[in-house]
Every structure is written in structure tokens, then in C-alpha cells.
There are 2 protein chains.
Amino acid sequence: MEEAAALLKQKGLKVTPQRLAILNLLRNTKEHPTAETIYKKLASDFPTMSLATVYKTLEILKNMGLIQELNVGESSFRYDANTNSHPHVVCISCGKVEDLDESLLKDVLEEVSQYTDYKLVDQKLYFYGYCPICR
Amino acid sequence: MEEAAALLKQKGLKVTPQRLAILNLLRNTKEHPTAETIYKKLASDFPTMSLATVYKTLEILKNMGLIQELNVGESSFRYDANTNSHPHVVCISCGKVEDLDESLLKDVLEEVSQYTDYKLVDQKLYFYGYCPICR
DNA sequence: ATTGATGCAAATGATTTGCACCGTG
DNA sequence: CACGGTGCAAATCATTTGCATCAAT
């Protein structure tokens, strides 16, 4: 059985074609698509699938820790199958969102810990600029 | 004339009591309020003011560079009269949002520049954890 | 067979917009 | 006194929810 199906079963979730398709789509792209984008991409394979199902599925996958939700500052969320809270760079010209290495966090987190008395548990770092193609 | 009025005039904006109140409120708080919060806080002084006016005013102040809009991951935006794009810490227990020093950015920005070929122009950094009171 | 999943349509909630009236410059 | 600003109500748009039907276990 494919990995995606195994992951769903592991979490006690019913394995449906829609869920497999959504999870696989996210696991095989670097594009950080929105719910709408996912819906459109799967429309040809699942003509009857509704946007509500996409949203419900994303909600479940998120709660199960199989995907994460990104808020890059747009009007809608993006989704990422990489569940580590890693930093992202956003191209303000073409809208592309790329992953950055988690190792970049180490130094900042230490600095922030020193400056505040907070017990830090998570972070969201977004960098904005022009990508190599657009600059 | 108070500074807020001067700022508005400088930008060629009409100085109205509502605008003054909103700008002053933001300039005198560390709380990063939402449009709704601002509306409620000013309700006693301006019983006839509508939420739409708050939104329209915030939009204008933002475009004029007098305030900035924060997206901490909640369902609504928060606003900040500090227009430098400085990092924030969010307490996940009490919901408080505090400013961090801009100097924390220097090292990360350099690292990110090295890792990517992007020409960086801005960034949004949010750290989440428990504040000294809540931890 | 049961129970949870799907899909449609209607509900929500933050934000935006249209427009008539009002106040600032 | 002209024009931008205000306030109300209606419109948007992403996301959520209710509910009847359907399919995975």
C-alpha cells in the first residue's frame, strides 16, 4: 500500500479516494497550494468532489499533524505536507512560496529566548523579496 | 497641534475626529488591537462611528505608511503604529502580542540572503510561546 | 450494518463597497 | 461650497456547517 494510505490508516482515518488524492498531491508538490488550487487540480480526477470536502479533509489532516497550514499574508491559506515549522521565502513578484532550511532557525531562536522570558514553542518566519527569476 | 494631526495633514489627508482618535489610539498602545477592538474602545467617545469607518481609516493609514497590519495567524488582522517590520512574540495562553527589537533581524536576514538568491525587501517573524506571566 | 465521509446548499464572520448625507478645508 | 469622509446597509469572499446520502470497515 502506498505511504499516504498507510499514514491515514495509522491515524485511524478512513481511507477514501479524495483523502488519498489530497494528501498525495500535497506530498508531491513544492507549491504550497491553497484549498481552491487543490480543488481545481483534482477536479478532473474527481468531478463530483466539492470544495467543502477539500476544506474538511485539510482540517482533518492538519489536526492529525500530517500537513500544516501557512498564512503567508494572502487572503487564503496555503497548505504544506512538510509539517516542520520551517521558514519560507515568498516572491512578491510571481507569488511563489519556497521552503527554507530549518537550520536557519537555530540562531534566531536563541536570540529571541535571550531577549524575552517567553518559553517558545513555535514560530512562523516569512521572508519577502524577488526570486532569482523575477529580480 | 498634536503630532497625529500633523501627520495626517502632512499626508494630505483631511483631519477628522475619527481619524485622529484611531491614529492616536494606535500610537499610544502596545496592544496591537484589531479593527473590532479599536471600534469598541472608541465607541464611548464616538457613539455614531461605524466599523466601516474604522476599516476605511485603517486602510488609508496603512497605505500612507502611518501604521502596519499584522497577521499573527488569528481570524482578524491587528494594527501597529510602529511601521518598522519588527518581529513579534505571541503568548499562546493569553493572546498578548509583544514587539521584539529590530536588531534581532540582522543575523537572520544575512543567513537567508546567503541561502537564497532572493533580493529580500521585507519579512514577518512571529514567535509563539508562553509569556512570563502565563508560563 | 454502523459509523464516519461526502457533497450540496445555506450560514458565518471578517472585511469591503455603494451611496446619500455631512463636515472639513 | 466643493469634495473627501462618514455611516448605514448590502455585498464579497474564504471558510464552515447542517443534513441527507453514500461507502469503508
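Labels below follow one simple rule: chain letters A, B, ... track the order of the sequence lines, proteins then strands, and each chain is numbered from 1.
- Residues from residues 38-57 of chain B lying near DNA chain C, meaning a heavy-atom separation below 4.0 Å, are Ala52(B), Tyr55(B), Lys56(B) in numerical order.
- Close to dG7(D), at under 4.0 Å from its OP1 or OP2, lies a side-chain N or O of Gln18(B).
- Screening Asn82(B), Thr37(B), Asp80(B) for a side chain to side chain donor-acceptor pair (under 3.5 Å) involving His32(B) leaves a single residue, Asp80(B).
- Both Pro17(B) and Ser75(B) sit near DNA chain C, but only Ser75(B) has its closest nucleotide nearer the 5' end.
- Atom P of nucleotide dG13(C) and atom CD of Glu36(B) are separated by 11 Å, given to the nearest angstrom.
- A salt bridge does not link Arg78(A) to Glu69(A): none of the charged side-chain nitrogens sits closer than 4.0 Å to a carboxylate oxygen.
- A sub-4.0 Å separation between OP1 or OP2 of dT24(C) and a side-chain N or O of Arg19(B) is absent.
- Remark: P of dG18(D) and CD of Glu59(A) are 13 Å apart, rounded to the nearest angstrom.
- OP1 or OP2 of dT6(D) lies within a sub-4.0 Å distance of a side-chain N or O belonging to Thr16(B).
- Using the six-membered ring where Trp is involved, Tyr79(A) and Phe77(A) have ring planes that are perpendicular, over 60° apart on the 30 and 60° scheme.
- For OH of Tyr128(B), the number of neighbouring non-hydrogen atoms (other residues, nucleotides, ligands) closer than 6.0 Å is greater than 12.
- Thr53(B) places no side-chain N or O within 3.5 Å of a backbone atom of Met49(B) that could act as its donor or acceptor partner.
- At its two ends the helix from dA1(C)-dT25(D) to dG25(C)-dC1(D) runs along axes set 30° apart, each axis drawn from five pairs and the angle rounded to 10°.
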